[in-house]
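Let me begin by presenting the structure, written as structure tokens, before commenting on it.
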Amino acid sequence: MAKLGELERQVMDVLWGAGSETMTVRTVVASFPDHAYTTLLTVLDRLAAKGLVHRTMVGRAYQYAAAATREDYTSSLLHEVLAETTDARAALVRFAETISDEEAAHLRDALDEARTNRP
Amino acid sequence: MSTALFAALSIVCLVVAPRPLASANWATRSPRAGLLAWYALGAAGLLSLLGTGLSMAFVHHDTSLRTAMRAFLSGVCHHHLLASLGVREAVGLTLATDVALVVLGGLVTTSASTVLRRRRHRMVLNVISTSAPGAEVLEHPAIAAYCLPGRRPRIVVSRGTIDLLDPAELGAVLAHERGHAEGHHGLVLLPFASLLQVLSFLPYAALAPRATALLVELAADDAAARTSDRHTLASALLSMATAGTNRAPRCALGASEAAVGLRVHRLLGRDRPSMPHLASSAACSVMVLLAPLACAVVR
């Protein structure tokens, strides 16, 4: 399972590397000389089932492409992390909120004071 | 008599007590004691609400809910269940079943949607994150560090955060996130999120999510302070709260500003966490939980 997961990640990298162009299993396999055709077919099917990859039939072969760019996925995760809705917040435990500059300056002074006073 | 006791107890737990608890100093000093108190209050309040309905339905004059329920159950066995169901009984029975269904239903739906959301998040994370010592990295300039709860919790930090903080500060932030993971804080907060979905008109359900979210942050700060320097964590907190492209709109700042201020002042070491708070909160919680049971045996 862990190996398949790692392979999924590498296949996504290859698809993202191809930009907006679609790839057949055969062109994907070219990037993975150590893996069998069927293994990569399985990985691509799994990624398609997860919605990470779009699959279209062109002629007699499937063409694969990443469903969204890596940047889009990153933004969507961070959007979820920084969202204010309790629904999204329940799913994660995030680190920090934002504060105003005045409050920050005030707290920074308190911190500096505590640091200089420390024995 | 027992109906009135149950009703009074549920009002105390779900309407009167939440506000003072949300602003209690002892809770922010000992966040685990505070969390325990929120749990006890909620459980006692909801049990009392259930008890109010049940005693309306089954208690007549001078019996206790316990004896009335026993009589009812023997009635069920002898198949004359709803023979003498009046208006009062019907209202009570409706209240009791509604409370039970709404609370359990809310818990199930919130758990399910949270699990799905986390699964989707984990699935995307699996293919886009790069690994670094102690965390996974999202290549993005935004400021974010978080823990994705689950059987194998994931600690994630953005490239923007790594660039912003010095190594000691980053270490403190990751220790804070490990505190969330080890304390199972995602699970701790889940019931409060689900109550907000179904009973938001109750002061308890409205106040508990934000109050408990703050308490788990404080608990994670305490966990981080065991391995990292408190002032370093405070400094990281301030840097992250003021930096970056994700500043919240001005109108939304109030409560979070108070939270960051509270955490920084706490990390500067004036209020150390204290064990007596946890012990006394545990004792009080047990007593609060015993109250609805006492109401069930009183006449």
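So that the names make sense, note that chain A is the first sequence line, chain B the second, and so on, each numbered from 1.
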Check: Ile128(B) and Leu77(A) side chains under 4.5 Å, non-hydrogen atoms: yes
Proximity breakdown for Ser111(B) and chain A, heavy-atom pairs closer than 4.5 Å: neither
For Ala114(A) versus His231(B), what's the shortest heavy-atom pair and its separation? O-CE1, 3.7 Å
Using heavy-atom distances under 4.5 Å, tell me whether Thr161(B) contacts chain A through its side chain, its backbone, both, or neither. neither
Could you please spell out the steps behind the side chain to side chain contact (heavy atoms under 4.5 Å, CB included) verdict for Leu238(B) and Glu103(A)? CA-CA 10 Å; Leu238(B) 272 177; Glu103(A) 175 71 4; over 6 Å; no
Minimal heavy-atom distance between Thr242(B) and Ala104(A), with the atoms involved, is CG2-CB, 3.0 Å
For Arg19(B), does the CZ atom have more than 12 heavy-atom neighbours from other residues, nucleotides or ligands under 6.0 Å away? no
Heavy-atom closest pair (Ala142(B) atom, Leu78(A) atom, distance to 0.1 Å) is CB-CD1, 4.2 Å
Any side-chain heavy atom of Met123(B) sitting closer than 4.5 Å to one from Leu47(A)? no
So how far is it from Asp229(B) CG to Arg115(A) CZ, rounded to the nearest 0.5 Å? 7.0 Å
Looking at every non-hydrogen atom in both residues, tell me the closest pair between Ala234(B) and Leu111(A) and how far apart they are. CB-CD1, 4.1 Å
Count the heavy-atom pairs under 4.5 Å between each of Glu71(A), Arg70(A), Glu8(A) and chain B, then report the option with the highest count. Arg70(A)
Most contacts with chain A, counted as non-hydrogen pairs under 4.5 angstrom, among Val124(B), Leu125(B), Val157(B), Val115(B): Val124(B)
Taking atom OG of Ser235(B) and atom CG of Asp112(A), what is their separation to the nearest 0.5 Å? 8.5 Å
For the student: nearest non-hydrogen atoms of His265(B) and Ala110(A), plus distance: CE1-CB, 4.2 Å
Taking all heavy atoms of His121(B) and all of Val81(A), pick out the closest pair and write down the distance. CE1-CG2, 4.0 Å
